[in-house]
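To keep things clear, I will list the structure first and then write my remarks on it.
All values reported here derive from a predicted model rather than from experimental measurement. We count ligands from 1, going down the list as the structure has it; atoms in each ligand are counted the same way.
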Amino acid sequence: MNRFPTNKFAAIETPFYYYDVELLKKTLDSAIGEASKHEGFHIHYAIKANFNPKLLQIINAAGMGADCVSGGEVKAALAAGIPAEKIVFAGVGKTEKEIRLSLEAGIFCFNVESLPEAELINELAAEYGKNAQIAIRVNPGVGAHTHANITTGLAENKFGINYELLGETIDTIGEFKNITLVGLHFHIGSQILEMEDFAVLCNRINEIQEMLENEKGIVLPHLNVGGGLGIDYNEPEKNPIPDFATYFATYASSLKRREGQQVHFELGRSIVGQCGTLVSRVTYVKHGTCKKFVIIDAGMNDLVRPALYQAYHEIENLSSDGAAEKYDIVGPICESSDVFAKDRSLPQTKRGDIIAIHSAGAYGEAMSFGYNCRELAKAYLSTEI
Ligand code: LLP
């Protein structure tokens with residue numbers, strides 16, 4: 001059984017991204033429904049995972065805020081109708097132009113990652129006669145069981161302010177008149193499937209809150225715990241919707257919240273990952289001496305995750321039900337890393353077959369690029385074709 005309108009795919013130029021709107025909506029309902037079981041939980045969709053304007057509109061209609069990491073993302077969020085007061089802006093290198101844009105729009109909060117950045121936001125806010133809300137991104141020194149390239153919470157990572165330096169940073173920021181510290185921000189990594197990792201983060205947040213309360217008498221109204229909930233890349237058909245219930249319950253039970261404290265989440269992959277598929281056509285099947293190659297018309301420029309992180313994506317031949325054979329599934333690009341899978345079992349495959357690469361909704365289209373003068377793949381919603 002497959003959930004694709006394969007007959008309609010036949011008429012569309014490949015490669016293209018296909019988004020299952022029904023699944024996206026069910027995922028949004030589940031995430032929002034589970035979060036709303038806990039007083040004061042808010043989700044800001046991490047736009048970096050996928051900034052396709054049509055998806056952003058659906059996400060906005062569901063009522064999520066946005067987590068942005070560039071001026072471009074702030075603009076994309078606003079263009080999709082996401083209210084400025086639901087936008088948070090993170091990133092280690094916010095430029096003056098990006099800060100100005102966000103101040104003008106009146107976003108909810110800057111997740112500040114260094115003292116010089118706080119200084120600049122203060123200076124620019126003063127120019128506008130405004131007071132900007134900030135949260136300090138704390139590097140909690142917590143590792144996550146995920147790929148090294150997408151773990152972010154260790155002292156060696158470039159993100160945030162090390163928790164040992166938090167006290168003195170808060171003292172300095174306290175002298176800035178045009179910014180107000182309203183919260184702490186954390187993010188330990190992405191594609192995290194072990195809830196224990198999030199519980200460890202909560203324990204560290206509890207310690208930090210206690211330290212701030214005891215040493216400085218500070219209680220902040222907001223905690224932003226970042227994103228990171230993973231999806232099932234191995235069995236997407238079986239687990240199309242992540243376990244939001246357990247995820248939010250972990251935070252609800254592990255985090256020692258102060259009275260009225262609001263908790264913000266920045267979920268990206270778990271919202272859009274499973275609704276997206278990269279659809280491609282087989283250009284050639286080539287028989288080498290020891291291997292058979294399926295050469296498809298999508299390349300690493302369309303979906304870079306396998307090349308960049310050795311990421312696993314389920315791959316399906318929608319046109320064949322022949323006997324299984326082992327193939328290397330590769331793109332057309334002049335790079336040896338342009339490989340989607342090695343020794344993967346597919347039904348006997350021929351030129352012209354349609355290939356679906358699953359779980360490509362997050363960090364797929366968003367990370368595509370034009371190497372080799374390739375046109376960017378178009379994207380279609382299930383409701384459009
Ligand atoms: N908040 C912050 C501060 C982040 O850095 C990220 C992701 C998120 C939220 C959203 O995380 P998510 O819920 O999507 O895990 N390109 C990589 C993933 C990079 C993640 C970067 N930061 C990949 O394809 O696996």
Side-chain angles (χ1 to χ4, degrees), residues 27-28 31 35 42-51 55 59 64-70 73-74 77 87-94 109-114 117 135-140 142 144-154 157-161 183-195 197-198 201 223-233 242-244 247-248 251 263-276 278 300-313 340 357-369:
T27 309
L28 288 164
H42 309 272
I43 307 174
H44 304 263
Y45 165 65
I47 289 194
K48 64 173 81 66
N50 193 320
F51 54 87
L55 297 189
I59 292 166
M64 279 188 189
D67 159 40
C68 303
V69 287
S70 73
E73 287 191 356
V74 173
I87 295 178
V88 295
F89 182 10
V92 293
K94 299 179 194 75
C109 193
F110 290 86
N111 293 332
V112 166
E113 307 224 11
S114 68
E117 181 195 328
I136 295 179
R137 176 165 181 179
V138 183
N139 188 331
V142 171
H145 296 92
T146 187
H147 192 281
N149 286 10
I150 52 176
T151 182
T152 49
L154 296 171
N157 298 131
K158 70 179 174 183
F159 302 100
I161 289 170
L184 299 176
H185 174 231
F186 304 84
H187 175 75
I188 53 171
S190 198
Q191 184 52 19
I192 297 170
L193 292 166
E194 291 178 38
M195 294 301 133
D197 288 342
F198 297 120
L201 170 65
L223 293 175
N224 180 334
V225 297
L229 176 61
I231 61 171
D232 191 343
Y233 282 100
D243 183 1
F244 293 109
Y247 172 73
F248 288 118
Y251 277 98
V263 185
H264 301 260
F265 297 84
E266 301 173 338
L267 295 176
R269 187 190 320 261
S270 53
I271 305 296
V272 292
Q274 299 291 32
C275 76
L278 177 59
M300 63 190 281
N301 71 300
D302 300 303
L303 176 67
V304 76
R305 304 192 69 257
L308 198 54
Y309 318 113
Q310 297 73 51
Y312 178 92
H313 285 259
F340 290 104
I357 305 182
H358 289 261
S359 313
Y363 308 108
E365 189 184 359
M367 290 178 78
S368 61
F369 51 98

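Close contacts between ligand 1 and Gly227 involve ligand atoms 9 (C), 13 (O) [criterion: under 4.0 Å to a heavy atom]. Here is the list of ligand 1 atoms found below 4.0 Å of a heavy atom in Ala46: 10 (C). In the vicinity of Met367, heavy-atom distances shorter than 4.0 Å reach the ligand 1 atoms 16 (N). Residue contact check: Arg137 has heavy atoms under 4.0 Å from atoms 3 (C) of ligand 1. The ligand atoms of ligand 1 that sit less than 4.0 angstrom from a heavy atom of Ser190 are 11 (O), 12 (P), 14 (O), 15 (O), 20 (C). Close contacts between ligand 1 and Leu267 involve ligand atoms 13 (O) [criterion: under 4.0 Å to a heavy atom].
Using the six-membered ring where Trp is involved, Tyr247 and Phe198 have ring planes that are perpendicular, over 60° apart on the 30 and 60° scheme. Using a 30° and 60° split on the angle between ring planes, Phe248 and Phe265 fall in the perpendicular class, above 60°.
Judged by distance alone, the side chain of Gln191 and the main-chain N or O of Ile231 form a donor-acceptor pair under 3.5 Å. Judged purely by atom type and a 3.5 angstrom limit, Asn50 has no side-chain atom pairing as donor or acceptor with the backbone of Ala366.
Contact annotation: Gly228 has at least one heavy atom less than 4.0 Å from an atom of ligand 1.
Polar contact with ligand 1: present for Glu266 (N/O pair, distance under 3.5 Å). Among the atoms of Arg269, some N or O lies under 3.5 angstrom from an N or O of ligand 1. In terms of polar-atom proximity, Arg305 is counted as a contact of ligand 1, with an N or O under 3.5 Å from an N or O of the ligand. Checked by distance only, ligand 1 and Gly268 come closer than 3.5 Å through their nitrogen or oxygen atoms.
Of the listed residues (His185, His42, His187), just one forms a side chain to side chain donor-acceptor pair (under 3.5 Å) with Glu266, and that residue is His185.
For Asp67, every heavy-atom contact with ligand 1 shorter than 4.0 Å involves the side chain, none the backbone.
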(message) Checking Tyr233 against His313 for the ring pair (Phe, Tyr, Trp, His ring centres under 6.0 Å) test, could you report, in this order, the C-alpha distance in whole Å, the side-chain angles of both residues, the deciding distance, and whether it holds?
(response) CA-CA 6 Å; Tyr233 282 100; His313 285 259; 5.1 Å; yes
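In this comparison of Phe265, Tyr45, Tyr363, the heavy atom closest to atom 10 (C) of ligand 1 sits on Tyr363.
Atoms CD and CD1, on Glu73 and Ile47 in that order, are 5.5 Å from each other to the nearest 0.5 Å.
In this structure the side chain of Leu184 never reaches within 4.5 angstrom of the side chain of Asn224, judged on heavy atoms.
A salt bridge links Lys94 with Glu117: the distance from a Lys NZ or Arg NE/NH1/NH2 to an Asp or Glu carboxylate oxygen falls below 4.0 Å.
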